[in-house]
Amino acid sequence: METGNIVSWMKKGGEHIAEGDAIAEIETDKATLTMDAQDECYMAKILVAEGTTDIEIGRPIAVSVEEAKDVEAVAAMEDSLFGRVTEEVTPVVTVTEANSEQSTPRSEPSHSASYPDHTVLEMPKLSPTMETGVISEWTKAEGDEIKSGDVIASVETDKATIDFEVHEDGYLAKILVEAGKPDIAIGQPVAIMTETPVETAVFEGYLNGAVHAVGQETEQEAPSTIPAIEEHSSSAAVAPATKPEVETVPAASSITPAWEGSYEDIELTKYRKITGARLVESKQSIPHYYLSVACCVDKMSDLRARINDNRKDGEPKVSVNDFVLKACAVALRKVPEVNSQWAGESIRQMHSVDLSVAVQTERGLITPIVPDADRKTLKEMSAKVRELAQKAKENTLLPAEFMGGTFTVSNLGMFGIDEFSAVINPPQSAILAVGTGHQKVVPNPEGGFTNSQFMTVTLSCDHRVIDGALGSRWLARCYRSRRRFVLKISGALITLLFSTTSSLTSCKSSSLIFFVSNQAKQPETYPLWEFCEIV
C-alpha cells in the first residue's frame with residue numbers, strides 16, 4: 001500500500017472515542033479496512049473528507065484531543081497548521097495542549113462574511129473506481145427549492161449514470177459547473193445551497209474570490225498559539241511536505257506513431273480509460289494461468305429445448321448462459337476456495353456467491369452482478385440476468401448492481417468464438433470464458449459412433465489464491481453440474497425437495513406431478529423449470 005482512500009468516517013467532530021473504537025473505513029489497493037483508535041480521546045478535527053482518494057501514507061487525516069474542552073479551539077484552526085508527518089505514523093494525531101483563550105478561530109473561506117450562510121455541494125464519489133465525473137444534466141435550476149432526497153443532477157461516472165441526491169432542505173443558489181463539462185474531480189465544488197432564497201448574483205465570482213481552487217494553498221495568518229502535537233507511534237516533528245524527486249517520462253501524446261499514413265485519433269472516454277487501467281493492473285499484478293475443458297452439453301441442450309418448448313405464452317426462453325451461470329454458482333458453493341480474493345496478508349473467502357456477468361454495451365464492457373446466485377432457481381437466474389443486461393444497455397444500473405462480485409462469467413460463444421482466455425476482474429480471483437458449441441463425432445458406448453455437442457470453457461485463475469489442482473477440481477464440479485441437470489427430475493431428488501411427505505407419481509416433459517400424502521388426494525402440477533436445479 002502506497003496510498004489509500006477514506007471511504008467513510010465513523011466518528012465525527014466532537015465525538016468521544018474509546019480505545020479500540022473504529023474511527024474510519026480506509027480503502028487500500030486490496031481491501032477496505034477499519035482504522036481503530038489506540039487511545040481514549042475526542043475527535044477534534046477531520047482534515048481529509050470522506051471520498052478523498054490517493055492519500056499518501058503518513059499524511060495527517062484527523063486530529064484528536066485528550067479533553068473535550070479542547071475540541072472547539074482545535075476545530076477552529078486552519079488545516080495547513082498540521083502540516084505533513086515526515087515519518088510513517090498512525091494517521092490520527094493527538095493534541096496534548098491547547099489554549100482556547102489565545103487561539104484565533106478561522107472561518108472557512110466558503111463562509112466568508114461577504115456571502116450569506118450556505119453549503120457547498122461537491123462532486124461525490126459514486127463508485128470505487130471513480131476519480132472524475134461529468135454532470136450530464138442538472139434536474140434543478142438556480143433558485144429552485146430542494147427537499148431532502150431530491151435529485152438535483154445526473155452524474156456520469158466511469159460505470160454508469162447515477163442520480164445526485166441531496167439530504168437537506170434548502171434552495172439551489174448557484175450552479176458552479178455547467179452540464180457536460182468533462183473530468184470534474186471528486187470533491188470539486190459544483191453548486192451552492194442556501195437555507196433561504198437568495199439572488200444568484202450574490203455568488204457571482206464565487207470560485208475566483210472566497211474559495212480557492214482545489215489543491216491550492218491559501219495564505220492566511222497563523223494563530224498566535226499552536227498546540228503541541230504528539231503522534232501516537234512516533235515523536236517525529238511536523239514539517240511541510242517536500243517535493244519528491246520523480247523521473248519524468250514522455251507523455252503518450254508525444255510519441256510519434258510508427259504508421260505515417262492517414263489515421264484518426266479517437267479520444268478515449270472516461271469509461272474506456274478506467275477499463276484500460278484496470279485491465280493493465282490485472283495483467284501486471286495478478287499471476288494468471290488458464291485451464292480449459294471441452295464439455296459435452298447434450299443433456300443440457302435437451303433439457304433447455306424441452307423447457308423452451310413447453311414455456312407459457314409470453315415467457316422468455318432460457319439461454320445456454322443461464323445454465324452456465326447456474327452451474328458456476330453451484331460449483332462455487334461446493335468448492336468455496338475458488339470464491340475467494342487475495343487480501344495481501346490473507347486469502348478472503350466470501351460467504352455469498354455473487355456472479356458478475358460480462359455485458360457489452362455501447363460505452364464498453366460492464367459486469368452487473370447477480371447476488372446470491374447459488375440460491376436462485378434457473379428461472380430466477382434467467383429473469384435477473386435479463387433485467388441487469390437491459391439496465392446495463394440503458395446505462396441505468398445502480399452502484400450496488402455493478403460494484404463487488406466474487407466471480408465473473410464472460411460468454412463470447414454467442415458471437416461464434418470457439419474459445420478464449422479472459423482477463424481476471426480484480427479483486428476477484430477467477431473468471432470463466434465460455435465459447436460456442438460444436439458438433440463432434442465421438443465413440444458411442446453401445447458401439448459405433450454418434451454426434452455430440454461440445455462447448456469449450458476456460459478458467460483464468462489467480463495463482464496466488466487458486467492452485468492448479470483446486471482450479472481443476474472446480475472445473476470438474478462445474479462440468480459435472482451441467483451433465484447432471486436432467487438428474488434433478490428424478491424421483492429421489494423430488495423427495496429431497498419436498499421431504500418425506502411428497503412422492504413422485506409421474507414426470508412429464510413440461511411439468512412435475514406429485515402427491516402430498518398428508519395434505520391432498522389430487523396430484524398437483526408444477527412447471528418443470530421451477531425445479532430445474534443442479535446438484
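- Rounded to the nearest 0.5 angstrom, Lys393 NZ and Glu362 CD are separated by 10.0 Å.
- Formation of a donor-acceptor pair under 3.5 Å by the Ser136 side chain with backbone atoms of Ser154 is found in this model.
- Judged purely by atom type and a 3.5 angstrom limit, Asp374 has no side-chain atom pairing as donor or acceptor with the backbone of Ala329.
- Ser352 contributes no side-chain N or O that, together with a main-chain N or O of Asp354, makes up a donor-acceptor pair within less than 3.5 Å.
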For a side-chain hydrogen bond (donor to acceptor under 3.5 Å, both in side chains) check, start with the C-alpha distance between Gln428 and Thr408, then their side-chain angles and the critical distance, and finish with the verdict.
CA-CA 8 Å; Gln428 297 174 15; Thr408 299; 2.6 Å; yes
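- In this structure, Thr275 and Leu365 have side chains that are not in contact, with every pair of non-hydrogen atoms separated by 4.5 Å or more.
- Atom NZ in Lys125 sits 11.5 Å away from atom CD1 in Ile6 (nearest 0.5 Å).
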Could you walk me through whether Val134 and Lys181 pass the side-chain contact (heavy atoms from CB on, under 4.5 Å) test, one step at a time?
CA-CA 6 Å; Val134 177; Lys181 182 178 180 180; over 6 Å; no
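- When side chains are defined from C-beta on, Gln349 does not count as touching Asn339, because their heavy atoms never get closer than 4.5 Å.
- Taking CG of Leu459 as the start and CH2 of Trp474 as the end, the distance is 5.5 Å to the nearest 0.5 Å.
- Looking only at distances, a side-chain donor or acceptor of Ser460 sits under 3.5 Å from a matching main-chain atom of Ala422.
- Arg464 has its side chain within reach of Ile286: a pair of non-hydrogen atoms, C-beta onward, lies under 4.5 Å apart.
- Side-chain contact between Ile152 and Glu165 is absent, with no heavy-atom pair separated by less than 4.5 Å.
- Here the closest heavy-atom approach between residue Pro399 and residue Ile162 is recorded as CG-CD1, 3.4 Å.
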Working note: Leu291 + Ser472, criterion side-chain contact (heavy atoms from CB on, under 4.5 Å); need CA distance, chi angles, decisive distance, verdict.
CA-CA 7 Å; Leu291 300 172; Ser472 301; 3.9 Å; yes
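- A donor-acceptor pair under 3.5 Å is formed between the side chain of Thr361 and the backbone N or O of Gly364.
- Side chains of Met43 and His16 form no contact here, defined as non-hydrogen atoms less than 4.5 Å apart.
- For the atom pair OG1 of Thr377 and NZ of Lys384, the computed distance is 13.0 Å after rounding to the nearest 0.5 Å.
- The CG atom of Asp169 sits 9.5 Å away from the CD1 atom of Ile146 when rounded to the nearest 0.5 Å.
- Distance CZ/Arg477 to CZ/Arg473: 11.0 Å, rounded to 0.5 Å.
- No side-chain heavy atom of Ile192 sits less than 4.5 Å from a side-chain heavy atom of Leu121.
- Residues Phe407 and Val338 have side chains in contact (heavy-atom distance under 4.5 Å, counting atoms from C-beta outward).
- The two residues Ser429 and Ile424 come nearest to each other via the heavy atoms O-CD1, 3.8 Å.
- A donor atom on one side chain and an acceptor atom on the other are not found under 3.5 Å apart for Thr3 and Glu56.
- Across every non-hydrogen atom of Val71 and Gly14, the tightest pair is CG1-CA, 3.9 Å.
- More than 12 non-hydrogen atoms from other residues, nucleotides or ligands lie less than 6.0 angstrom from NZ of Lys140.
- A distance-only check finds no donor-acceptor pair linking the side chain of Lys11 to the backbone of Asp21 [under 3.5 Å].
- Under the 4.5 Å side-chain criterion, counting only non-hydrogen atoms from C-beta, Asp39 is not in contact with Glu19.
- A side chain to side chain contact (heavy atoms under 4.5 Å, CB included) with Pro189 holds for exactly one of Ile184, Val120, Val177; it is Val120.
- Checking side-chain atoms of Gln188 against main-chain N and O of Met123 turns up no donor-acceptor pair under 3.5 Å.
- Trp9 places a side-chain N or O within 3.5 Å of a backbone atom of Val48 that can act as its donor or acceptor partner.
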Please lay out, stage by stage, how Glu156 and Arg363 fare under the test salt bridge (charged side-chain N to carboxylate O under 4.0 Å, His left out).
CA-CA 12 Å; Glu156 182 183 351; Arg363 300 172 69 232; 3.8 Å; yes
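- Listed here is the closest heavy atom pair of Ala22 and Asp36: CA-OD1, 3.6 Å.
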Audit row: Val198, Phe203, side-chain contact (heavy atoms from CB on, under 4.5 Å) steps and yes/no
CA-CA 9 Å; Val198 297; Phe203 291 98; 3.8 Å; yes
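- Considering every non-hydrogen atom in both Gly143 and Tyr171, the closest pair reads O-CD2, 3.9 Å.
- Checking each of Leu432, Ile431, Val357, Thr458 against Ser410 for a side chain to side chain contact (heavy atoms under 4.5 Å, CB included) leaves exactly one that passes, namely Ile431.
- Distance alone, capped at 3.5 Å, is enough to place a donor-acceptor pair between the Tyr289 side chain and the Asp467 backbone.
- Side-chain atoms of Arg278 come within 3.5 Å of backbone N or O of Pro426 as a donor-acceptor pair.
- Applying the 6.0 Å contact sphere to CD of Glu394 captures more than 12 heavy atoms from other residues, nucleotides or ligands.
- Neither side chain, Glu195 nor His118, offers a donor N or O lying under 3.5 Å from an acceptor on the other.
- A salt bridge does not link Lys45 with Glu72: none of the charged nitrogens is closer than 4.0 Å to a carboxylate oxygen.
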Evaluate the criterion side-chain contact (heavy atoms from CB on, under 4.5 Å) for residue pair Leu388 and Glu401; output intermediate values, then yes/no.
CA-CA 8 Å; Leu388 292 171; Glu401 292 174 322; 4.2 Å; yes
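- Across all their heavy atoms, Leu172 and Ala141 have their closest contact at CD2-O, 3.6 Å.
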Does the pair Glu50 and Ser8 meet the rule for a side-chain hydrogen bond (donor to acceptor under 3.5 Å, both in side chains), with working shown?
CA-CA 5 Å; Glu50 288 184 358; Ser8 65; 5.0 Å; no
